[in-house]
Amino acid sequence: MKKFAVIGFPITHSKSPALHNAGFQEFQIEAEFEAIEVPPENLELWIKNEFRPNFQGAAVTIPHKETIGKFLDLESEAASKIGAVNTLYWEKGKLAGTNTDCIGALKALQTRVNPSGKKALILGAGGASRAIIFALCMAQADVFLWNRTKEKAERLAQEFKISHIDLLEKINPEDFDIIINTTSVGLNEMKSVLPASFWSPHHTAFDIVYSPLETQFLRDAQNAGAHVVTGDHMLVHQAVEQFRIWHGVDLDPDVMSEAFFG
Ligand code: NAP
């Protein structure tokens with residue numbers, strides 16, 4: 001039986017086993033998918049003694065995404081540019097790492113809008129932001145970055161050759177087509193980085209926070225007539241991409257969406 005896992009610390013809330021088990025059922029793949037808690041100090045040994053001899057693939061989550069790269073044989077271009085690995089797989093006998101958050105975010109956004117040539121404002125400069133900046137640059141959007149800690153936005157903007165914004169109060173909302181919240185504001189709270197007055201029907205709002213699904217950010221946008229994309233789409237599409245890498249088949253995202261809500 002093939003073995004897969006999601007590793008993190010802690011790992012209790014991961015949706016990955018439910019999403020991938022739904023895919024196994026759909027394609028009648030004989031495999032198991034475990035959620036495994038791996039403390040940071042055990043990561044190197046877990047890769048060597050557990051993953052390498054026993055596993056065909058693994059999803060990687062907090063806090064290992066930025067540190068696991070040094071224990072692998074190779075990294076994809078996406079993973080090295082983003083600076084984070086969320087997927088382990090085997091390539092011609094070598095242990096490889098890639099990042100599927102970028103393609104997951106792009107596909108989620110594309111359910112509503114084609115970002116090519118559009119002005120996109122990204123709020124937040126953490127790990128998820130890096131994957132989304134990478135994806136939007138690949139998709140040829142015109143990317144602007146704002147972050148609470150200004151210096152971080154400046155540094156990231158320089159690295160990815162995008163623009164940064166110091167003060168949200170000074171911008172004209174109508175200058176932007178797509179607004180993406182990658183901050184943790186809204187996670188288990190009804191707060192938004194933007195005031196309700198920001199929004200108009202011209203905008204597409206994407207919040208990657210998925211607990212709750214209807215965040216204050218998206219509620220305000222929707223009330224103003226904007227298009228909205230909820231965070232579950234990114235999670236599902238990045239898992240569909242993992243499924244393609246591991247099993248070589250294209251899974252209908254609806255199969256994983258049903259498992260997300262099930
Ligand atoms: P992270 O690396 O810790 O970054 C957090 C970001 O939020 C930073 O830019 C931080 O700004 C900002 N922030 C935190 N509190 C703030 C506040 N009160 N006001 C303004 N900005 C604030 O986290 P991450 O890994 O990028 O994840 C961010 C969120 O995305 C989390 O809620 C996570 O669950 C979600 N996520 C969703 C998916 C998905 O598939 N849908 C995937 C990955 C992550 P500073 O730099 O100023 O501290």
Side-chain angles (χ1 to χ4, degrees), residues 6 8-16 18-20 59-68 78-79 82-87 98-112 121-136 143-157 159-160 162 164-169 179-195 198 205-218 228-243 253 256-257 259-261:
V6 54
F9 188 76
I11 198 68
T12 40
H13 301 301
S14 176
K15 292 264 186 194
S16 289
L19 302 189
H20 284 279
V60 179
T61 188
I62 289 166
H64 302 316
K65 285 184 181 189
E66 285 88 18
T67 55
I68 202 164
I82 293 164
V85 165
N86 79 335
T87 307
T98 191
N99 188 305
T100 65
D101 281 336
C102 46
I103 196 155
L106 187 59
K107 292 218 161 148
L109 198 54
Q110 284 168 335
T111 61
R112 281 287 179 191
L121 172 59
I122 299 179
L123 307 170
S129 174
R130 293 182 64 91
I132 293 176
I133 294 170
F134 175 79
L136 288 186
V143 183
F144 293 75
L145 179 67
W146 170 88
N147 191 52
R148 177 180 62 176
T149 309
K150 214 169 87 178
E151 297 71 29
K152 244 160 101 181
E154 277 170 14
R155 245 181 291 131
L156 257 194
E159 181 181 339
F160 284 94
I162 57 170
H164 68 89
I165 281 167
D166 283 349
L167 284 174
L168 287 174
E169 298 76 18
I179 327 291
I180 305 174
N181 177 44
T182 78
T183 75
S184 40
V185 177
L187 181 67
N188 301 323
E189 59 181 9
M190 285 314 270
K191 283 189 188 158
S192 172
V193 167
L194 296 177
F198 183 93
F206 175 22
D207 198 338
I208 72 164
V209 168
Y210 56 83
S211 177
L213 270 188
E214 197 202 5
T215 57
Q216 190 66 47
F217 178 89
L218 292 184
V228 301
V229 181
T230 49
D232 54 313
H233 287 92
M234 175 172 166
L235 188 74
V236 162
H237 281 285
Q238 70 75 28
V240 166
E241 178 62 10
Q242 291 178 324
F243 205 84
M256 284 193 173
S257 278
F260 177 91
F261 291 107

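For clarity, every value in this text was computed on a predicted model and none was experimentally measured. Whatever order the structure lists them in is the order used to number ligands and atoms, beginning at 1. All residue numbers in this chain count up from 1 along the given sequence.
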Enquirer: Relative to ligand 1, is T149 under 4.0 angstrom through side chain, backbone, both or neither, heavy atoms considered?
Expert: both
Enquirer: So, E159 and R130, do they make that salt bridge, N to O below 4.0 Å?
Expert: yes
Enquirer: Is there at least one protein heavy-atom neighbour under 4.0 Å from atom 34 (O) of ligand 1?
Expert: no
Enquirer: For ligand 1, is any non-hydrogen atom under 4.0 Å from D232's backbone (N, CA, C, O), its side chain (CB onward), both, or neither?
Expert: neither
Enquirer: Taking only heavy atoms of S184, which atoms of ligand 1 are found under 4.0 Å from at least one of them?
Expert: 7 (O), 14 (C), 15 (N), 32 (O)
Enquirer: Would you sort out whether H237 and T111 count as a side-chain contact (heavy atoms from CB on, under 4.5 Å), showing the intermediate values?
Expert: CA-CA 11 Å; H237 281 285; T111 61; 4.2 Å; yes
Enquirer: Below a 4.0 angstrom heavy-atom separation, can you tell me which part of I208, side chain or backbone, both or neither, approaches ligand 1?
Expert: both
Enquirer: Look at the side chain of T67 and the backbone N and O of H64, then say whether any donor-acceptor pair between them is shorter than 3.5 Å.
Expert: yes
Enquirer: Heavy-atom contacts under 4.0 Å between L235 and ligand 1: side chain, backbone, both, or neither?
Expert: both
Enquirer: Can you report which non-hydrogen protein atom sits closest to atom 42 (C) of ligand 1, along with the distance?
Expert: M234 CE, 3.6 Å
Enquirer: Does any N or O of ligand 1 fall below 3.5 Å from an N or O anywhere on G231, backbone included?
Expert: yes
Enquirer: In this structure, which one of T230, T215, T182, T183 forms a side chain to side chain donor-acceptor pair (under 3.5 Å) with D207?
Expert: T215
Enquirer: Pick, from V209, I62, T182, the option with the minimum heavy-atom distance to atom 28 (C) of ligand 1.
Expert: T182
Enquirer: Should the ring pair F243 and H20 be called parallel, tilted or perpendicular, given that the plane angle runs from 0 to 90° and is split at 30 and 60?
Expert: parallel
Enquirer: With atom 43 (C) of ligand 1 as the reference point, say which of S192, A128, S129, G126 has the nearest heavy atom.
Expert: A128
Enquirer: Could you find the nearest protein heavy atom to atom 19 (N) of ligand 1 and give me its residue, atom name and distance?
Expert: V185 CG2, 3.4 Å
Enquirer: So, the side chain of N99 versus the backbone of A84: is there a donor-acceptor pair under 3.5 Å, distance only?
Expert: yes
Enquirer: Tell me the protein heavy atom at minimum distance from atom 9 (O) of ligand 1, and give that distance in Å.
Expert: N147 OD1, 2.7 Å
Enquirer: Please state which part of K152 comes within less than 4.0 Å of ligand 1, counting heavy atoms only: side chain, backbone, both or neither.
Expert: side chain
Enquirer: Taking atom CD1 of I62 as the centre, does the number of heavy atoms from other residues, nucleotides or ligands within less than 6.0 Å exceed 12?
Expert: no
Enquirer: Between T100 and Q238, does any side-chain donor sit less than 3.5 Å from a side-chain acceptor?
Expert: yes
Enquirer: So, does N181 use its side chain to make a donor-acceptor pair with the main chain of V185 at under 3.5 Å?
Expert: yes
Enquirer: Any salt bridge linking K65 with D101? Criterion: basic side-chain nitrogen under 4.0 Å from a carboxylate oxygen.
Expert: yes
Enquirer: As an exercise, identify every atom of ligand 1 less than 4.0 angstrom from a heavy atom of A125.
Expert: 9 (O)
Enquirer: Can a donor-acceptor pair be found, under 3.5 Å and without considering hydrogens, that links the side chain of E241 to the backbone of V236?
Expert: no
Enquirer: Of all the non-hydrogen atoms in the protein, which one sits nearest to atom 48 (O) of ligand 1, and at what distance?
Expert: R148 NH2, 2.9 Å
Enquirer: If you count the atoms of ligand 1 from 1 in the order shown, which ones are under 4.0 Å from a heavy atom of G124?
Expert: 9 (O)
Enquirer: What residue and heavy atom of the protein are closest to atom 12 (C) of ligand 1, and at what distance?
Expert: T183 CB, 3.7 Å
Enquirer: So which of A239, A153, G127 gets nearest to atom 2 (O) of ligand 1, if we judge by its closest heavy atom?
Expert: G127
